[in-house]
Amino acid sequence: MSAEALPKTYDPAGTEDRWQRLWEEAGAFHPDPEAPGEPFSVVIPPPNVTGSLHMGHAFNTALIDTIVRFQRLRGRNVLCLPGTDHASIAVQTILEKKIQAEGGSKHDLGRDAFLERAWAWKAESGGTIVGQLRRLGYSVDWGRERFTLDAQLNRAVVEAFVRLHEQGLIHRGEYLVNWCPASGSAVSDLEVEMKEMDGHLWHFRYPLSDGPGPDGIDHLVVATTRPETMLGDTGVAVHPGDARYAQLVGKTLDLPLVGRKIPIVADEHVDPAFGTGCVKVTPAHDPNDFAIGSRHGLPLITVMARNGSMNEAAGRFAGLDRFEARKAVVAAMEAEGFLVKVEPHRHSVPISDRGKVPVEPLLSTQWFVKAEPLAARCREALEAGEPRFVPERWSKVYRDWLTGIRDWCISRQLWWGHRIPAWFVVSETSGVITDATPYVVARDEAEARAKAEAQFGAASEAAGRALQLEQDPDVLDTWFSSGLWPFSTLGWPEESNADLATWYPTSVLVTGFDIIFFWVARMTMMAGAFTGRMPFRDVYIHGLVRDENNRKMSKSAGNGIDPLLLIERYGADALRFALVREVAGAGQDIRLDYDRKSDTSATVESSRNFANKLWNATRFALMNLGGATPASLGEPDPESLQLADRWILSRLARVNRETAERYGSYGLGEAAKGLYEFAWNEVCDWYVELIKRRLNPGDTASPEALADQRTARQVLAKVLGELLVMLHPLMPHLSEELWHGLTGEPEGTFLALQPWPAVDAAALDDALEARFAELIEAIRVVRNLRAVAGLKPSQGAPVVFVSGRAGLAAVLRQATAEISALTRAESVQVLDPEAAAARAGERCLAGVSGELQVLLPLEGLVDLEALRGRLAKDLAKAEKEIAGLAGRLANPNFAGKAPPEVVAECKANLAEAEAQAELARKRLAELG
RNA sequence: GCGCGAUUAGCUCAGCGGUAGAGCGCCUGCCUUACAAGCAGGAUGUCGCUGGUUCGAACCCGGCAUCGCGCACCA
């Protein structure tokens, strides 16, 4: 690529598409398990096929891809495995809405037709998502793409279910579950969100069956937030120590509206100080009441149907929706004189995450995973440091959840998902599934039949009926299959699978803190049970992307930003870089700056500008390397390096070391910031500017000048080449493009697969970096003086440096040509203080930096006012410093207790500040 | 109620024991043949409040306040 071929600004669109295509066509990210290199593996958190990606996915993707690209450059045998999740309940909700909008229902459609639509939806949504992931430049292995409902993954799910069942860790039973009437399914505890809402506390009078006792009490008052449940009351509880009611325990009440006699029981759970100290007990509709009921043998009466309406047990209220029934019950209680009072009451209401309606605790027969034994294994592993959480504090959140874990309800009354591998022997219960129907759990129907034959065959035959099986119609919680993701995707349960052998356990899981319980913990529990090891060494937990108002970006809140919009505007690399750069303080949420009116983001724009800066730095190099490449130029000869060369090579080595360290320890934001500063503020602002003269020695250049030109070219090529490698994990497309431009490598060779450059430890030079910083500062002072004096940029001026330090003076003398170029100096003189004294009285612009004086003798050109202002400012600054430092040194404790080097530094700084103040005073006096 | 996090320049955030930083924005001057998506220069902060530890605190410890999040919840 020639420099002329490069336009002045970088246009990401074509470049990014092209490299994505070339990488994929070449199978650049399709690793071989047998290939050399220490294995490094990541399975991506599979996005739900619920539409399209949001910024949170882009963020997660940027982090993962940065990590895996870095590891690839480090020579690891990297597998990054992509895929998508079927998301039973979310997808089913979307589809049902669509079908409803068309005027139908899923039941009209039937199971098979519904599933056909679901698969069609999956194809569409999954395709969109995969396209978006590609568009981000994700270096995943598309050849190993998985979907949680793939046949192979289904095999894993079935196997896992069967084995857990065999181990007695899965059971079926009737319990109070969280019922979501909107979805028509049970949901797990985690899928319920407690939401503070304004409600009411209704106080009801329940009369004693036997009329007033000796103390005149003829009723109890109970309070409730859910009046409709009173229809299912089977008792009233009081605290055993509550003297008010002690003599009533054991008596019965007449339940209003229903007429049932319900007992008064004593139970510790009741808080005597709350309300009247009497609690109505509805065991079939409230978890606490369920517990009380089971302690006292109270019957369970379910008064609600699964669609959220009242059932026949609700008597005259049957058929009413639960909220209608609430009103009706209150009205009836009031009409019959049982309503004592109504109070406004703020309380927490359990809301179904997916259905967005209050969940109903409902008695129902479901499948459960006994979580404690699985969790115990995870807790032990955590004690041993597995997995390692980054940041560490999340391990506590994880451990706390695993401690005191409750059983996990895994069955869902849905169609889209992994069907439960249990077959009911319906021939035992007249052809229908009841709670009493026996069942077998098996890998497939044939195995089920064999098992059923063995258990029930003889009896069936004896009874003269054919053995009839029916598979459980329900599906499994999506997270059951997601829990297997790190190994089901690699071929489990086929233990001999090469992928599994090479890449399991995976190296790191990268995900947001919001799914530590849902997903991370489920994966560790499943992995512990089936593979005997934790599924990943590290868990890197990142924050959430929040919008400009600090709200979590989410589809349901409607505040999401489409990553594609930003990619189209600024490029994928710019978006990635912006997201990673924002993550510097690991684990913190990031707020993406965004203007919804114009669809612009200043943050992403600045990353785009950075991309453009790199583009132009490379363009500059191509214009000045004379057609050579880093390879053809070769390594520079250490003997011929100039000061600036040695400086930038020292910086390069240091940045290389730091960056590798940061990439390797999840310091991704720091890595991004460090590279940004190095590339822009050191390479572009200083090094490139400093070598321009050497790169253009002119037509009549001496052999020495030509040799020096070659050195400058070598160093520039090396620095730029390495910089591009280091930037590659963050800005893969741009770096790939520029690297090809710089090296002239053919399209089939990829920067993505190059080795990370070795750190040239010999180039590291602290002292030189320090001296160079002083040179930079000296140039800054000159520029500042010129600006203060109001000199036109084109106007030349002589520059005089006065320094008593030989080292600095030598550096300045060495760099006079560069200084001239960077400051428009007509001449550069470096004097020692004695020589300068001889020139005292000359009218100059004067500035001070450390012990260095910078003079611009500008007889006749000087703006006296500006000069005084500048000196006064220097003086004030120096005096402020003196006050601070002197104050510290005056404290006897400081000298006595602070480390000697700190004291020495303080003294040196004081001396310097005093010298500075003195110089400024003298100059001011000279001006009169 | 228990726990976690945040509070630093107008905005978004770094810094986590030795005299306050970046990006964006702002002010001044520049189309200096890599880049105006740029260059040079500049201004801007009692580092939430309050005690303490320390020679020294934005940084460590104790309170408090505000905001956010998680977990558990009394009908």
Side-chain angles (χ1 to χ4, degrees), chain A residues 3 6 8-10 194 201 222-226 229 236-237 269-271 273-282 286 288-289 292 345 347-348 391 393-394 396-397 400-401 404 513-514 516-517 543-544 546 548 550-552 570 574 578 581-582 584-585 587-593 602-603 605-624 669-670 673 676-677 681 684-685 688-689 692 696 780 783-788 790-794 821-824 880-881 884-885 888-889 891-899 901-903 905-906 909 913:
Chain A
L6 291 177
K8 280 172 79 165
T9 53
Y10 172 51
M194 299 304 276
L201 201 52
V222 297
T224 181
T225 55
R226 297 193 298 154
T229 64
V236 166
H269 174 260
V270 180
D271 175 2
F274 187 90
T276 57
C278 304
V279 183
K280 64 191 266 309
V281 182
T282 323
D286 182 280
N288 283 317
D289 292 6
I292 296 174
H345 184 63
H347 63 130
S348 299
R393 66 186 148 90
W394 292 110
K396 188 172 176 294
V397 175
D400 287 353
W401 189 72
F513 62 77
D514 51 332
I516 289 178
F517 307 145
L544 273 24
R546 313 197 90 91
E548 65 279 13
N550 204 26
R551 283 175 318 187
K552 175 181 166 178
Y570 303 112
R581 198 179 166 198
E582 288 298 314
Q588 226 50 53
D589 287 355
I590 66 169
R591 200 181 310 197
L592 193 71
D593 160 285
T603 309
E605 187 178 318
S606 80
S607 293
R608 189 272 316 261
N609 293 351
F610 179 53
N612 191 234
K613 188 74 182 176
L614 295 164
W615 177 263
N616 276 290
T618 306
R619 223 176 119 232
F620 171 82
L622 294 179
M623 289 169 146
N624 285 281
E670 289 86 348
K673 284 185 179 180
Y676 181 98
E677 282 166 20
N681 304 133
C684 290
D685 287 353
V688 165
E689 293 303 326
K692 278 184 175 170
N696 289 294
R780 285 222 168 94
R783 285 171 168 171
N784 174 259
L785 288 173
R786 290 179 54 99
V788 167
L791 292 186
K792 290 225 159 56
S794 54
L822 298 189
T823 65
R824 295 291 175 119
K880 193 182 159 200
E881 212 178 316
L885 292 166
R888 260 212 281 176
L889 285 164
N891 184 344
N893 286 326
F894 177 66
K897 295 189 179 176
E901 63 272 19
V902 172
V903 178
E905 193 190 332
C906 194
N909 288 344

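Because the structure is predicted, anything quoted here is derived from the model rather than measured. Below, read A as the first sequence line, B as the second, and so on, with proteins coming before strands; counting in each chain starts at 1.
Residue Arg783(A) has its side chain nearest to A40(B) when only A40(B), A75(B), G23(B) are considered. Side-chain proximity of Glu677(A) to the nucleotides U19(B), A22(B), G41(B) is greatest for A22(B). In this structure, the nucleotide among C55(B), C35(B), A75(B) sitting nearest to the side chain of Asn612(A) is C35(B). The side chain of Asn909(A) has U19(B) as its nearest neighbour among A75(B), U12(B), U19(B). Here the nucleotide nearest the side chain of Ala602(A), chosen from C30(B), U19(B), C24(B), is C24(B). The side chain of Val902(A) sits closest to G18(B) out of A34(B), A37(B), G18(B).
A distance of 6.0 Å separates CG in Asn612(A) from OG1 in Thr9(A), rounded to the nearest 0.5 Å. We find the NE2-CD1 distance between His269(A) and Ile292(A) to be 5.5 Å, quoted to the nearest 0.5 Å. Atom CG of Leu614(A) and atom CG of Asn609(A) lie 11.0 Å apart (nearest 0.5 Å). Rounding to the nearest 0.5 Å gives a distance of 4.5 Å between CG of Asp589(A) and CZ of Phe513(A). If you take CZ on Phe894(A) and CG on Asn891(A), they are separated by 8.5 Å, rounding to the nearest 0.5 Å. Arg786(A) CZ to Lys792(A) NZ: the interatomic distance, rounded to the nearest 0.5 Å, is 11.5 Å.
Heavy-atom distances to RNA chain B give each of Leu201(A) and Arg888(A) a nearest nucleotide, and the one nearer the 5′ end belongs to Arg888(A). When each of Thr618(A) and His345(A) is assigned the nucleotide of RNA chain B with its nearest heavy atom, Thr618(A) is the one assigned upstream, toward the 5' end.
Residue Arg786(A) is classed as having no contact, given no heavy-atom separation below 4.0 Å to the nucleic acid. Within 4.0 Å (heavy atoms only), Ala617(A) reaches at least one base atom of the nucleic acid. When heavy atoms are screened at a 4.0 angstrom cut-off, Asp271(A) is found touching base atoms of the nucleic acid. Using a 4.0 Å heavy-atom distance criterion, Cys684(A) is classed as a base contact. As judged by a 4.0 angstrom heavy-atom cut-off over every strand, Ser348(A) is placed among the base-contacting residues. Val222(A) comes within 4.0 angstrom of no nucleic acid atom, judged by non-hydrogen atoms across all strands. Nucleic acid contact for Val270(A): base, since at least one base atom lies under 4.0 Å from a heavy atom of the residue. Nucleic acid contact for Pro899(A): base, since at least one base atom lies under 4.0 Å from a heavy atom of the residue. Counting any heavy atom pair closer than 4.0 Å across all strands shown, Asp400(A) reaches no nucleic acid atom.
Rounded to the nearest Å, the gap between the C1' atom of G5(B) and that of C27(B) is 37 Å. A distance of about 41 Å separates the C1' atoms of A72(B) and A9(B), rounded to the whole Å. If you take atom C1' in G10(B) and the same atom in G45(B), they sit 11 Å apart, rounded to whole Å. To the nearest whole angstrom, the two C1' atoms, one in C2(B) and one in U44(B), are 42 Å apart. The same atom, C1', is picked in U7(B) and in G15(B); the two are 15 Å apart, to the nearest Å. Nucleotides C61(B) and U66(B) have their P atoms positioned 22 Å apart, rounded to a whole Å. Comparing the P positions of U50(B) and U46(B) gives a spacing of 13 Å, expressed to the nearest Å. The gap from the P atom of G1(B) to that of C64(B) amounts to 12 Å, rounded to the nearest Å.
Look at CG on Asp685(A): it is 10 Å from P on G23(B), rounded to the nearest Å. Distance, Lys792(A) NZ to U32(B) P: 16 Å, rounded to whole Å. Here C73(B) presents its P atom at 14 Å from CZ of Arg226(A), a figure rounded to the nearest Å. The CH2 atom of Trp401(A) sits 18 Å away from the C1' atom of C4(B) (whole-angstrom rounding). When the P atom of G5(B) is taken as reference, atom CG of Leu544(A) falls 17 Å away, rounded to whole Å. Distance Glu605(A) CD to C35(B) P: 19 Å, rounded to the nearest Å. The nearest whole Å value for the distance from the NE2 atom in His347(A) to the C1' atom in G1(B) is 19 Å. Straight-line distance from the CZ atom of Arg824(A) to the P atom of C30(B): 13 Å, rounded to whole Å.
The two residues Cys278(A) and Val236(A) come nearest to each other via the heavy atoms CB-CG1, 4.1 Å.
Regarding contacts with the backbone of G41(B), a side-chain N or O of Arg780(A) is found under 4.0 angstrom from either OP1 or OP2. At the phosphate of A37(B), neither OP1 nor OP2 sits under 4.0 Å from any side-chain N or O atom of Arg608(A). Listed pair Lys673(A) / G21(B) fails the phosphate criterion, with no side-chain N or O lying under 4.0 Å from OP1 or OP2. Between Asn616(A) and the phosphate of G38(B), there is no side-chain N or O to OP1/OP2 separation shorter than 4.0 Å. Contact between the side-chain N/O atoms of Arg591(A) and the OP1/OP2 oxygens of U12(B) is found at a separation under 4.0 Å. Between Lys613(A) and C39(B) there is a side-chain polar atom (N or O) within less than 4.0 angstrom of OP1 or OP2.
Counted by atom type alone, Arg619(A) and Asn616(A) present one or more donor-acceptor pairs between their side chains at under 3.5 Å.
A donor-acceptor contact under 3.5 Å links the side chain of Glu689(A) to the base of A34(B).
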| said: side chain to side chain contact (heavy atoms under 4.5 Å, CB included) for Leu889(A) and Val903(A)? Distances and angles first, verdict last. | reply: CA-CA 8 Å; Leu889(A) 285 164; Val903(A) 178; 4.2 Å; yes
| request: Please report the C-alpha distance between Asn696(A) and Asn624(A) in whole Å, then the side-chain angles of each, then the deciding distance to 0.1 Å, and finally whether the side chain to side chain contact (heavy atoms under 4.5 Å, CB included) criterion is met. | output: CA-CA 8 Å; Asn696(A) 289 294; Asn624(A) 285 281; 3.7 Å; yes
| task | Decide yes or no on side chain to side chain contact (heavy atoms under 4.5 Å, CB included) for Thr229(A) and Asp286(A), but give the supporting numbers first. | result | CA-CA 9 Å; Thr229(A) 64; Asp286(A) 182 280; over 6 Å; no
| message | Apply side chain to side chain contact (heavy atoms under 4.5 Å, CB included) to residues Leu201(A) and Thr224(A) and explain how you reach the verdict. | response | CA-CA 5 Å; Leu201(A) 201 52; Thr224(A) 181; 5.8 Å; no
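Note on ring orientation: taking the six-membered ring where Trp is involved, the planes of Trp401(A) and Phe517(A) are parallel (angle under 30°, cut-offs 30° and 60°).
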What does the list of N/O pairs under 3.5 Å between the protein and nucleotides 68-70 of chain B look like, with a distance for each?
none

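Secondary structure note: stems in RNA chain B built from 3 or more consecutive Watson-Crick or G-U wobble pairs under 3.5 Å occupy B:1-7 with B:65-71, B:10-13 with B:21-24, B:26-30 with B:38-42, B:48-52 with B:60-64.
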